[in-house]
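Inspection log for the structure reproduced underneath, given as structure tokens.
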Amino acid sequence: MLLQRQALGLGARRALIMSHHGRLCRPWSRGPISPLVPVAAAQSSRAVGISTVAPPAPTPAAAPGSAASAEFSQRFRIPSVPEQFRQNRQKVCREFLGGGLLYLEAGEAPPRNGSDVMHRHRSDSYFVYITGVELPGYAALLDPENGHFTLLAPRLPEAAAYWVGAVPTLEQLQETYGADRVCYADELKGLLAARAAPTLHALPATAEKLGAKVPAGCRVLTDLLPATLDRCRAVKSDAEVGCLLAASVASGAAHMDMWRACRPGLREYQLEAVFSLSSRCRGAPSLGYPSIVGSGPNAAIMHYEAADGLVEPGHLVLVDAGAEWRCYTADISRTFPALGRFEGAARDLYGTVLAAQHAALDTLATPPLSDTGNGASLQDADRAARMVLLEGLREMGLIRSEAGGGSWLEAALEVKLDRVFMPHGIGHHLGLDVHDVSETGPVPRGPVQPGHVLTVEPGAYLIPPLLARAMADPRVAPFVNFDAAGALIRSGMGGVRIEDNVLVLSEAPPGVTAAGLQGRLYNLTVAAGVVKDMAGVEEVMRQEWRPEAAMMC
């Protein structure tokens, strides 16, 4: 990499580097994408930051059957970038009740080290939601009264043409992103000054930085926009679900490539590298969050990122990883045996967690009662999973039910025995962020709603600090067989997590046969072909890993 300070000033270098890093992860198609067939690459623009190359967006083919099944298979067809994000803007305009203009920024690529080495840019999710633009240094104005969308582009220096490629014209940007008007970002003050008593609604972090960017007398408010955007983002459109399904297909195939590649003697980072290669080659160019790849005892570390441990015979390998498609991320967890077969305690623990997940999914899939209209909540699913989990741990000999008497399950839940083995919740919203937003935060409260996309991720772990805490608690200690738990820890057992991503539907689609449908749930992970039954995992692990299969996608 040439040292750019030889020719350019600091500000220009930063702008060019941000543009360069933005350009590397723009695999968007301007045309609509069918969810059934991988998309051929379109002719790409040579302008910096704009790519019209379509990544493969394969989703499962429809099961043969009724016309209703065929219609359902087309429901989550991914539209063009301008159309998808126009729909999002229209939704925001309908929901926003204040006057004035909405203002959002993409943010800038954060510096890594020195003055001209930057981390790869990832635009602010709120900005992406209304624009579809992943480029750094951009901003947007949206008029909620008429939906008029102004895209504000950074003014890049002429030297960009020979450092990173041709700079897009304003006309190219307008066509690519469907803006009503495109101006340079340094024209913001003039645009606002032309309005009488302008009012801007912004996010708090953006408002703090506006300063001299806006004219005197411009009011900047932060009380309405965050809640409006959170409310809109919580309920996904069919196009957004299509993006999440495309991310699930790429991520799920990458998970299964890790199973095929796994063998004792590898390092965790080598498996992590398989996921990155496979998901990126399948059209999901960026990870939605740092991958968690924990073998053996490292599987008991909830957000383990070191990935430098050794995969040993007898280990269970826990992987929590997801990649993005149009910034929408999958969030999939699977656990698999290093030697390719579930045996002994590993088989029992995996079966317990899988049963707990089935209980949670069954709870959420049940339609609302007709007399109340209220369906299950994620908290209901969490409780159902924990009860099955405790029963399975009792059958494994890790829990002593006699400590609680006749109603030992209720007694165990009362003292939070389940938290010793599963210290996290059952799930959260998923979308542009891995822990996506809503009016109640990343976890929905109350009955789940149609359009929610949620993770369902029970787990069971042998965590020495939590077991030590339990031993010191006279309410919890009688329930735990510490000798049995210690023996499993000494054998290298860490834990199991199984995580799927599900869409809540308004009702079970009548007459539809499709992989992943369960009552009013559409399981995107299952629809993407990611197996989780033990026989299915073992079958995939017997297959040969062929890197070229991913590279030729």
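Position 1 is the first residue of the sequence; numbering continues from there.
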**Message:** Just by distance, no angles: are the side chains of D331 and H435 close enough, under 3.5 Å, to form a donor-acceptor pair?
**Reply:** no
**Asked** Any luck finding a side-chain donor-acceptor pair between D320 and Y289 under 3.5 Å?
**Response** yes
Heavy-atom closest pair, residues [X] and [Y]:
X	Y	result
V311	S295	CA-OG, 3.5 Å
F336	F342	CA-CZ, 4.1 Å
L277	M551	CD1-CG, 4.3 Å
A359	V388	CB-CG2, 3.6 Å
R122	S125	NH1-OG, 2.8 Å
L417	F479	CD2-CB, 3.6 Å

Do the non-hydrogen side-chain atoms of [X] and [Y] ever get within less than 4.5 Å of each other?
X	Y	answer
V117	P111	no
N88	C232	no
V437	Y129	no
L517	L521	no
L310	R267	yes
I463	M302	yes
R520	V448	yes

**Request:** Let me see the working for L364 and L378 under side chain to side chain contact (heavy atoms under 4.5 Å, CB included), right down to the final yes or no.
**Result:** CA-CA 7 Å; L364 293 173; L378 201 59; 4.1 Å; yes
Return yes if some donor-acceptor pair links the side-chain N/O of [X] with the main-chain N/O of [Y] below 3.5 Å, else return no.
X	Y	result
T440	V443	yes
S291	E272	no
S491	L488	yes
K236	L430	yes
R386	P458	no
E268	G309	yes
S279	A254	no
S407	E410	no
Q357	V456	yes
S251	A323	yes

**Request:** Would you please test E134 and R326 for salt bridge (Lys or Arg N to Asp or Glu O under 4.0 Å) and show each step?
**Result:** CA-CA 9 Å; E134 288 189 60; R326 278 193 191 169; over 6 Å; no
**Asked** Does R233 make a cation-pi contact with Y126 (under 6.0 Å, within 45 degrees of the axis)?
**Response** yes
**Derivation and outcome, side chain to side chain contact (heavy atoms under 4.5 Å, CB included), residues V496 and L318** = CA-CA 6 Å; V496 171; L318 188 158; 5.7 Å; no
**Item:** ring-ring contact (aromatic ring centres under 6.0 Å, His included) assessment of F76 paired with Y522
**Value:** CA-CA 11 Å; F76 305 110; Y522 184 38; 5.6 Å; yes
**Request:** Evaluate whether atom CZ of R419 has more than 12 neighbouring non-hydrogen atoms of other residues, nucleotides or ligands under 6.0 angstrom away.
**Result:** yes
**Message:** Looking at Q543, I'd like to know if its CD atom is crowded, meaning that more than 12 non-hydrogen atoms belonging to other residues, nucleotides or ligands lie closer than 6.0 Å.
**Reply:** yes
**Aromatic plane relationship, H452 with H429 - under 30° parallel, 30 to 60° tilted, over 60° perpendicular** = perpendicular
**Request:** Fit a plane to each ring of H424 and Y461, take the angle between them on a 0 to 90° scale, and name the class: parallel (under 30°), tilted (30 to 60°) or perpendicular (over 60°).
**Result:** perpendicular
**Prompt:** To the nearest 0.5 Å, what is the distance between CD (E240) and CG (D238)?
**Reply:** 9.5 Å
**Prompt:** How many angstroms lie between atom CG of D418 and atom CG of L413, to the nearest 0.5 angstrom?
**Reply:** 5.0 Å
**Item:** Worked check of salt bridge (Lys or Arg N to Asp or Glu O under 4.0 Å) between E548 and R546
**Value:** CA-CA 5 Å; E548 63 273 17; R546 299 177 60 248; 3.3 Å; yes
**Request:** Would you check, one step at a time, whether the test side chain to side chain contact (heavy atoms under 4.5 Å, CB included) holds for R334 with V537?
**Result:** CA-CA 9 Å; R334 288 293 186 265; V537 174; 5.7 Å; no
**Item:** salt bridge (Lys or Arg N to Asp or Glu O under 4.0 Å) evaluation trace for R260 with D257
**Value:** CA-CA 5 Å; R260 298 181 181 102; D257 276 348; 2.8 Å; yes
**Request:** Give the C-alpha distance, both sets of side-chain angles, the deciding distance and a yes or no for side chain to side chain contact (heavy atoms under 4.5 Å, CB included) between N523 and N501.
**Result:** CA-CA 6 Å; N523 191 318; N501 310 154; 5.9 Å; no
